[in-house]
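Side chains are part of it too, since the values below use all heavy atoms of this structure and drop only hydrogens, waters and symmetry mates. Keep in mind the model is a prediction, meaning the values are calculated, not measured.
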Amino acid sequence: MNKFFLGLVLFLGYTHLPAQSIKMGEISETEWAMTEVPYESGAPAVILASSGDSRFFGGMLETSYFYRLKILTEAGKEYADVRIRFYRGSSGTENISGIKAQLYNAVDGQYVETKIGKEHIHMVDLGEGYSEARISFPDAQVGSILEYSYKKGDKNLTFLDGWSFQRSIPTIFSKYQINMVPQF
């Protein structure tokens with residue numbers, strides 16, 4: 001019983017540690033060393049960390065998103081093209097801003113950071129009020145770590161977007177928080 005309790009405390013301590021310090025560019029040795037997901041062998045890529053932080057700001061809901069993922073196989077390179085769909089509508093119901101993206105590759109034993117410039121970030125009109133922000137990581141390869149963040153403003157305060165803690169590829173760490181105002 002004591003070994004179980006000690007194991008649980010260590011596990012929870014480890015899983016809560018990244019929650020306090022998820023920052024762009026701070027990649028752990030564990031993340032660099034990962035070549036497969038133990039509980040899902042054969043996964044083409046893995047989401048190492050995802051977070052969402054929502055707050056009410058100036059009559060809208062603003063959510064800051066952050067994602068870090070690693071390409072594990074050749075098939076995983078498809079995740080190096082990111083698409084963020086949103087509903088702009090005729091009055092700018094939703095908008096995406098502040099997109100930042102970077103790519104990390106191991107080169108001769110060193111970790112090399114490549115900032116993704118505006119030439120690889122595009123807004124595309126899908127029609128019927130929908131748009132998509134597209135981010136391309138052109139030098140992604142097996143072993144690459146991709147990071148991106150952005151903000152989404154939403155004037156529609158009637159419905160909140162959902163948060164998926166697991167996705168089509170395995171997710172190691174995911175968190176979402178919202179700061180509510182009393183009248184809501």
Side-chain angles (χ1 to χ4, degrees), residues 18-28 31 45-71 76-105 111-140 144-184:
Q20 298 170 3
S21 63
I22 297 177
K23 293 182 182 157
M24 216 163 194
E26 294 183 3
I27 300 168
S28 72
E31 292 170 323
V46 59
I47 298 172
L48 299 169
S50 63
S51 69
D53 186 5
S54 296
R55 65 188 181 113
F56 292 92
F57 181 76
M60 70 171 25
L61 180 68
E62 180 183 83
T63 304
S64 297
Y65 293 92
F66 171 81
Y67 293 93
R68 176 182 297 144
L69 62 103
K70 185 167 187 176
I71 307 295
K77 288 182 181 180
E78 77 176 83
Y79 295 95
D81 290 317
V82 176
R83 295 174 179 227
I84 305 162
R85 188 177 169 140
F86 61 102
Y87 182 72
R88 187 174 304 229
S90 59
S91 62
T93 304
E94 296 178 344
N95 67 67
I96 300 292
S97 64
I99 298 174
K100 295 178 187 171
Q102 49 200 34
L103 172 74
Y104 300 90
N105 283 312
Y111 305 124
V112 177
E113 173 187 321
T114 304
K115 298 245 187 246
I116 304 302
K118 294 185 186 290
E119 67 275 10
H120 298 291
I121 301 172
H122 303 283
M123 290 293 180
V124 177
D125 184 359
L126 301 176
E128 297 184 19
Y130 288 93
S131 293
E132 204 168 64
R134 295 182 180 174
I135 309 168
S136 294
F137 293 85
D139 297 323
S144 293
I145 294 180
L146 295 61
E147 292 184 323
Y148 62 97
S149 65
Y150 62 95
K151 290 185 179 182
K152 177 181 171 193
D154 190 347
K155 292 179 184 175
N156 182 0
L157 300 179
T158 307
F159 299 102
L160 296 176
D161 289 340
W163 182 261
S164 296
F165 289 92
Q166 289 293 325
R167 306 202 181 236
S168 61
I169 56 175
T171 300
I172 302 296
F173 177 81
S174 183
K175 78 170 187 170
Y176 176 77
Q177 68 181 16
I178 184 169
N179 294 323
M180 296 296 291
V181 291
Q183 59 266 34
F184 290 127

Peer 1: How far does CD1 of Ile99 sit from NE2 of His122, to the nearest 0.5 angstrom?
Peer 2: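 Those atoms lie 10.5 Å apart.
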Peer 1: Taking everything shown except Phe57 itself, do over 12 heavy atoms lie less than 6.0 Å from its CZ?
Peer 2: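 No, because the 6.0 Å sphere around CZ of Phe57 holds 12 heavy atoms or fewer from other groups.
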Peer 1: Work out which heavy atom in Ile47 is nearest to a heavy atom in Leu69; give both atom names and the distance.
Peer 2: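 What the structure gives for the nearest pair is CA-CB, 4.0 Å.
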Peer 1: Judged by atom type as modelled, is there a donor-acceptor pair below 3.5 Å linking the side chain of Ser164 to the main-chain atoms of Arg167?
Peer 2: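 No, because the side chain of Ser164 does not come within donor-acceptor range (under 3.5 Å) of the backbone of Arg167.
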Peer 1: Is the CD atom of Glu119 crowded by more than 12 outside heavy atoms at less than 6.0 Å?
Peer 2: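 Yes, because the 6.0 Å sphere around CD of Glu119 holds more than 12 heavy atoms from other groups.
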Peer 1: Can you tell me how far apart OG (Ser149) and CD (Gln102) are? Round to the nearest 0.5 Å.
Peer 2: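 Separation between the atoms: 8.0 Å.
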Peer 1: OG of Ser174 to CD1 of Ile172: how many Å apart, nearest 0.5 Å?
Peer 2: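 The distance works out to 11.0 Å.
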Peer 1: Going by heavy atoms in the side chains, are Met60 and Asp154 under 4.5 Å from each other?
Peer 2: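 The answer is no, as the side chains (C-beta and beyond) never meet within the 4.5 Å cut-off.
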Peer 1: Please list, chain by chain and in numerical order, all residues satisfying side-chain hydrogen bond (donor to acceptor under 3.5 Å, both in side chains) with Thr63, sequence neighbours excluded.
Peer 2: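 side-chain hydrogen bond (donor to acceptor under 3.5 Å, both in side chains) list for Thr63, sorted by chain: Ser54.
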Peer 1: Of the non-hydrogen atoms in Lys77 and Ile71, which two are nearest, and what is the gap between them?
Peer 2: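 Nearest heavy atoms, Lys77 then Ile71: N-CG2, 3.8 Å.
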Peer 1: Just wondering, do Leu146 and Ile116 contact through their side chains at under 4.5 Å, heavy atoms?
Peer 2: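 Of all side-chain heavy-atom pairs linking Leu146 with Ile116, none is under 4.5 Å.
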Peer 1: Using the test side-chain hydrogen bond (donor to acceptor under 3.5 Å, both in side chains), find all partners of Arg55 that sit at least two apart in sequence or belong to another chain.
Peer 2: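 Expected list: Glu62.
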Peer 1: If I take atom CD1 from residue Ile22 and atom OH from residue Tyr67, how far apart are they, to the nearest 0.5 angstrom?
Peer 2: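 It is 11.5 Å, given to the nearest 0.5 Å.
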Peer 1: Pick out which of Arg88, Arg83, Arg85 makes a salt bridge (Lys or Arg N to Asp or Glu O under 4.0 Å) with Glu132.
Peer 2: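 Answer to the salt bridge (Lys or Arg N to Asp or Glu O under 4.0 Å) test with Glu132 among Arg88, Arg83, Arg85: Arg83.
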Peer 1: Should the ring pair Trp163 and Phe165 be called parallel, tilted or perpendicular, given that the plane angle runs from 0 to 90° and is split at 30 and 60?
Peer 2: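 Answer is perpendicular, since the angle exceeds 60°.
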Peer 1: Taking the side chain as every heavy atom from C-beta outward, state whether Lys175 and Phe173 have any atom pair closer than 4.5 Å.
Peer 2: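 Result yes, sub-4.5 Å side-chain heavy-atom pair found.
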Peer 1: Quick one: does Lys152's side chain have a donor or acceptor within less than 3.5 Å of a partner on Phe86's backbone?
Peer 2: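 No, because the side chain of Lys152 does not come within donor-acceptor range (under 3.5 Å) of the backbone of Phe86.
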Peer 1: With side chain to side chain contact (heavy atoms under 4.5 Å, CB included) as the test, would you mind laying out the steps for Arg68 and Tyr104 before giving the verdict?
Peer 2: CA-CA 11 Å; Arg68 176 182 297 144; Tyr104 300 90; over 6 Å; no
Peer 1: Give me the atom names and distance for the closest heavy-atom approach of Leu103 to Ala140.
Peer 2: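 The answer is CD2-N, 3.8 Å.
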Peer 1: Taking all non-hydrogen atoms of both residues into account, name the closest pair between Ser50 and Thr171 and its distance.
Peer 2: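 Closest pair (atom of Ser50, atom of Thr171, distance): OG-CG2, 4.3 Å.
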Peer 1: To the nearest 0.5 Å, tell me how far Glu26 CD sits from Glu147 CD.
Peer 2: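 Result: 9.0 Å between the selected atoms.
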Peer 1: Out of curiosity, Asp161 CG to Tyr87 OH, how far, rounded to the nearest 0.5 Å?
Peer 2: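 Asp161 CG to Tyr87 OH: 14.0 Å, rounded to 0.5 Å.
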Peer 1: With heavy-atom distances below 4.5 Å as the criterion, would you say the side chains of Val82 and Tyr148 are in contact?
Peer 2: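 With C-beta onward as the side chain, the pair touches.
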Peer 1: For a 4.5 angstrom cut-off between non-hydrogen side-chain atoms, does Ile84 reach Ile135?
Peer 2: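 Side-chain contact under 4.5 Å: yes.
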Peer 1: Side-chain contact test, heavy atoms from C-beta onward, threshold under 4.5 Å: evaluate it for Tyr79 versus Ser144 and give yes or no.
Peer 2: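 No. Closest side-chain heavy atoms not under 4.5 Å.
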Peer 1: Taking all non-hydrogen atoms of both residues, which atom of Leu48 and which atom of Glu31 are closest, and how far apart?
Peer 2: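 What the structure gives for the nearest pair is CB-OE2, 3.7 Å.
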Peer 1: Taking all atoms of both residues into account, what is the closest heavy-atom pair of Thr93 and Asn156, and its distance?
Peer 2: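 In terms of heavy atoms, the two residues are closest at CG2-CB, 4.1 Å.
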